[in-house]
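Both ligands and their constituent atoms are indexed starting at 1 by order of listing.
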Amino acid sequence: IIGLDEVEKKIIDEAIANYTSSLPIHRRISDEKINQYLTEAFKKYNIESEFEFGVYDHNILTKVHSEGFDDKSSALYSVAIFSNPPRHLSTNYELKVNLLSKQKLIYASVFELSLLSLAFTLIIIVTFYLSLSQWIKQRKISQIKSDFINNMTHEFKTPIATINLALDSLNNPKIKNDPSRIEAYHNMIREENRRMHAQVENVLRISKLEKRELNLEKEALHLHEVLANAINHVSLIIEQHNGRIETSFLATADTFLGNKSHFTNVLINILDNAIKYSENAPEIVIKTELLKNKIHLSIADNGIGMSKAAQKRIFEKFYREHTGDIHNVKGHGLGLAYAKRILDDHNCSIFVESEKGVGSTFIIQIPQIT
Ligand code: ADP
């Protein structure tokens, strides 16, 4: 009986299988059923993840799949279902399950990693840039330092040598009895001494400015008078160079609030440069005019001029267009930095217009007072 039952069972099973396998897949199993099975299975194995699924027939997605199922996703787990169809009906159903949070987790960790590596790359680039610019800055400073020392020694060496020579000469018995020559050597020593003193003053002045100890006392001054004073200072050097200064004082009012000695120094520095940076006899034109309560002062020369790059930087401390021994005009690159600092303190603006080989014009705008 048992044997007969088994045979009957087999026949019935085969008949059912035959019938069901001829049905389309969506009539054999529903989305809800698979969802339910999967949810139960996930719960059983403690997998806390959202999922999506799809049933495939010969690798083609059938109607049975969860909503929004992405069949292109790569993280798919698959298992064969209905794997024992009658031989004449060859079906090859596969259930593919995709764990959503796993993908999200992978994306999140990849995103985190790439963000981190981006941040580190940025840090490396910034550090590299900072150290490179620091290195360039250091190199510039050391070059400026050696230029400064060279210039200073040069400017002290000449007066010291001259004073030595003059002192030796004064000891000479022939000269000892000639009062006019004693007087001449005496004057020479005094002049060289004055030059050294002026150099020391220059350096001290700029270091004082550096410490921001700028507390200038100001009084009402007449620009034309201050200008005449500054011109007077450089008149001897101008004569030596066979140059001349032309003035056209057109400002109808020239009173401003200023510190007499510092303001005169500024003008002398600019006039000095106009003479220093001229290869031919210097021709300097000084003009003033009154425009909207501001006195516009321009100092133009016919000197060597300067490049656009230099024009932007001449008011920086220690900046010189030619450094080292490229040209024989000596200086420290402090004159215009000092001028700018003093003019800033006077609420004045200064700028330059220049063309190489033609000349330069310095323009200063000074607030006029009544
Ligand atoms: P220094 O004359 O001691 O070098 P300054 O601060 O006075 O320093 O000038 C800075 C630089 O500006 C000079 O080295 C020079 O290259 C340029 N410069 C200033 N005045 C003139 C000018 N009138 N003509 C051409 N170049 C000038």
Requested in this report: Consider every N or O of Ile304 and every N or O of ligand 1, then say whether any pair is closer than 3.5 Å.
Outcome: no
Atoms in ligand 1 flagged as close to [X], the criterion being non-hydrogen separation under 4.0 Å:
X	answer
Ser360	22 (C), 24 (N), 25 (C)
Lys276	1 (P), 2 (O), 3 (O)
Tyr319	10 (C), 11 (C)
Leu334	6 (O), 8 (O)
Asp301	22 (C), 23 (N)
Leu336	5 (P), 6 (O), 7 (O), 9 (O), 19 (C)

Requested in this report: Look at ligand 1 and say whether Phe315 reaches it with a heavy atom at a distance under 4.0 Å.
Outcome: no
Requested in this report: Take every heavy atom of Gly305, measure it against each atom of ligand 1, and state whether any distance is under 4.0 Å.
Outcome: yes
Report summary line: Residue set satisfying side-chain hydrogen bond (donor to acceptor under 3.5 Å, both in side chains) with His222, at least two apart, ordered chain then number -> Asp254
Query raised in the report: side-chain hydrogen bond (donor to acceptor under 3.5 Å, both in side chains) with Asp344: which residues, sequence neighbours excluded?
Result: Lys340
Requested in this report: Please check if any side-chain donor atom of His58 sits under 3.5 Å from a side-chain acceptor atom of Tyr93, or the reverse.
Outcome: no
Query raised in the report: If hydrogens are left out, which of Asn269, Thr361, Ile314, Ile275 has an atom nearest to atom 12 (O) of ligand 1, that is, the closest non-hydrogen atom?
Result: Ile314
**Report entry** Arg320, portion touching ligand 1 at heavy-atom distance under 4.0 Å
**Finding:** both
Salt-bridge present ([X], [Y]; N to O < 4.0 Å):
X	Y	value
Glu40	Lys43	no
Glu289	Lys287	no
Lys218	Asp345	yes
Lys260	Glu219	no

Query raised in the report: Is a side-chain donor or acceptor of Thr288 paired with a backbone partner of Leu297 at a separation under 3.5 angstrom?
Result: no
